[in-house]
2 protein chains.
Amino acid sequence: MRDGHIPETTVARLPTYLQVLVEATDRGVATLSSEELAAAAGMNSAKVRKDLSYLGTYGTRGVGYEVAALAREIAQALGIAEDQPVVLIGVGNLGRALATYDGFERRGFRLVALFDADPTVVGQQVGSHAVQPTADLEVVLHRHGVAMAMLAIPAPHAQAMTDRLVDAGVRSILSFAPVHVTVPEHVTVRRVDLATELQILSFYERVAAQFTA
Amino acid sequence: MRDGHIPETTVARLPTYLQVLVEATDRGVATLSSEELAAAAGMNSAKVRKDLSYLGTYGTRGVGYEVAALAREIAQALGIAEDQPVVLIGVGNLGRALATYDGFERRGFRLVALFDADPTVVGQQVGSHAVQPTADLEVVLHRHGVAMAMLAIPAPHAQAMTDRLVDAGVRSILSFAPVHVTVPEHVTVRRVDLATELQILSFYERVAAQFTA
DNA sequence: CTTTGTGAAATCCTTCACAGCG
DNA sequence: CGCTGTGAAGGATTTCACAAAG
């Protein structure tokens with residue numbers, strides 16, 4: 001393929017492939033077929049091959065994909081060939097869990113600072129960082145060249161803080177606030193809303209229950 | 001419409017509409033047009049109207065949608081007209097945040113029990129529940145008629161615990177373990193993987209950076 | 001002989017655009 | 001006259017199925 005454009009759905013699956021490849025590396029597996037990759041990722045092989053073809057041609061016919069090379073290639077496409085600096089805004093219950101989660105560090109990111117607006121939280125040690133006041137936000141973002149932020153603050157403050165992050169040069173935001181925020185064209189926001197996920201599940205639960213009843 | 005089938009993408013958006021409607025209720029707004037609903041939810045009005053049409057016809061031409069009636073209808077479709085009992089397995093960092101998150105309670109769910117395999121955690125009070133040993137899982141699930149579970153345990157234990165949940169009658173699982181688990185046809189698993197979300201963002205960050213550079 | 005890479009077909013989702021209702 | 005509800009058009013994604021490569 002190799003024409004620069006990768007479908008959104010494919011991008012969303014690349015992290016899953018990467019994870020399977022990293023596990024395969026740990027197990028000492030050198031090569032995986034699209035069929036094996038698909039089984040481990042929970043999808044079908046045609047989709048795997050089509051997805052990987054957008055990155056270029058890294059497979060060998062009759063053999064499969066070289067695990068190490070493909071992992072490197074996906075990490076490259078995802079922009080995590082070297083670690084990306086990230087900050088976390090909001091050190092409440094969820095923020096604390098995020099700050100101490102080692103998955104970010106193991107999967108391409110480096111948490112460089114924690115911020116909170118609450119003066120009673122500022123100064124506390126959470127994981128390997130002391131919480132800083134939001135007043136210092138711009139200085140720290142600039143010093144570390146941070147382009148990504150995680151937002152774990154109450155919904156009413158989300159838009160104002162987002163505006164501030166965008167002004168400070170942040171281009172990607174992972175928001176846990178259950179509210180839509182508006183951003184300029186060049187900024188991407190992904191929202192993770194835990195209650196929303198449960199509600200979606202609940203819908204299908206209901207459908208399944210009908211067959212059971 | 002009214003033919004029982006609702007597209008997945010529509011189901012995934014219903015919780016957002018519901019949230020906008022609940023906020024509108026709080027502000028004392030009685031009626032919303034598809035245009036207003038779309039603006040608050042961050043999408044376009046045609047999509048809103050098409051989505052809502054799958055539920056039936058609840059709008060009034062020339063006026064818009066009656067907020068209270070539509071909210072009730074969406075809650076009904078999502079199966080949260082009355083609260084759904086849910087359990088949480090795994091009371092580590094993330095589990096603690098989930099156990100103390102009040103969004104679940106406010107948005108249609110009732111957390112009925114916490115479980116952990118670690119004997120040093122069992123018995124601890126987390127939020128309004130004492131952590132129970134996983135040995136008691138089946139009894140508790142059965143007693144409360146639980147069909148939904150949240151899974152916040154290490155990846156290597158995810159499949160075994162999932163099998164146990166399914167055997168105990170759970171039909172919907174929200175998993176935070178970064179691994180694919182296999183389940184029977186009638187069971188739904190949604191996976192929320194925080195590092196995956198950041199990696200997807202990172203991809204678009206890279207694209208945006210190219211324009212900036 | 002096995003498995004990739006990919007056009008083409010099939011399916012699914014979004015957007016358009018407007019008839020028709022209130 | 002304003003706004004919903006929806007066929008039809010347009011896009012996007014998935015799946016099929018097979019030619020070509022190792």
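Reckoned from all heavy atoms, side chains included, excluding hydrogens, waters and symmetry mates.
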Taking only side-chain nitrogens and oxygens of [X], does any of them come within less than 4.0 Å of OP1 or OP2 of [N]?
{"X": "B/Y65", "N": "D/dG5", "value": "yes"}
{"X": "A/N44", "N": "D/dT15", "value": "yes"}
{"X": "A/T9", "N": "D/dT14", "value": "yes"}
{"X": "B/T60", "N": "C/dG22", "value": "no"}
{"X": "B/Y54", "N": "C/dC13", "value": "no"}
{"X": "A/S33", "N": "C/dT3", "value": "no"}
{"X": "A/R49", "N": "C/dT2", "value": "no"}

Report the distance from atom [atom1] of [X] to atom [atom2] of [N], rounded to the nearest whole Å.
{"X": "A/Y17", "N": "C/dT4", "atom1": "OH", "atom2": "P", "result": "12 Å"}
{"X": "A/L52", "N": "D/dT15", "atom1": "CG", "atom2": "C1'", "result": "16 Å"}
{"X": "A/L70", "N": "C/dT3", "atom1": "CG", "atom2": "P", "result": "17 Å"}
{"X": "A/H5", "N": "D/dG11", "atom1": "NE2", "atom2": "P", "result": "14 Å"}
{"X": "B/I6", "N": "C/dC13", "atom1": "CD1", "atom2": "P", "result": "12 Å"}
{"X": "B/K50", "N": "C/dT15", "atom1": "NZ", "atom2": "P", "result": "12 Å"}
{"X": "A/D51", "N": "D/dT15", "atom1": "CG", "atom2": "P", "result": "10 Å"}
{"X": "B/M43", "N": "C/dC13", "atom1": "CE", "atom2": "C1'", "result": "13 Å"}

Next item on the list: Give a yes or no on this: more than 12 heavy atoms of other residues, nucleotides or ligands lie within 6.0 Å of atom NE2 of A/H142.
Entry: no
Item checked: Partner of A/R107 under side chain to side chain contact (heavy atoms under 4.5 Å, CB included), chosen from B/L194, B/D193, B/L198 ->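 Filter result, single survivor: B/D193.
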Notebook entry, point to check: Checking A/E66 side chain against A/Y58 main chain: does a donor-acceptor pair fall under 3.5 Å?
Noted result: no
Next item on the list: Answer yes or no: is there a donor N or O on one side and an acceptor on the other, between the side chain of A/D116 and the main chain of A/V91, under 3.5 Å?
Entry: yes
Margin query: If I take atom CG from residue A/L141 and atom CD1 from residue A/I89, how far apart are they, to the nearest 0.5 angstrom?
Written below: 6.5 Å
Checklist line | Which residue lies more 5' along DNA chain C, comparing A/R61 with B/K47 via nearest heavy atoms | finding: A/R61
Margin query: For A/A46 and A/V63, find the nucleotide of DNA chain C closest to each by heavy atoms; which residue's nucleotide sits nearer the 5' end?
Written below: A/V63
Next item on the list: Would you mind telling me which residue lines up with the more 5' stretch of DNA chain D, B/L32 or A/G62, judged by nearest nucleotide?
Entry: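 On the 5' side of the pair lies B/L32.
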Margin query: Quick check: on DNA chain D, is the nucleotide nearest B/E35 upstream (toward 5') of the one nearest A/P7, or the reverse? Name the residue that is more 5'.
Written below: B/E35
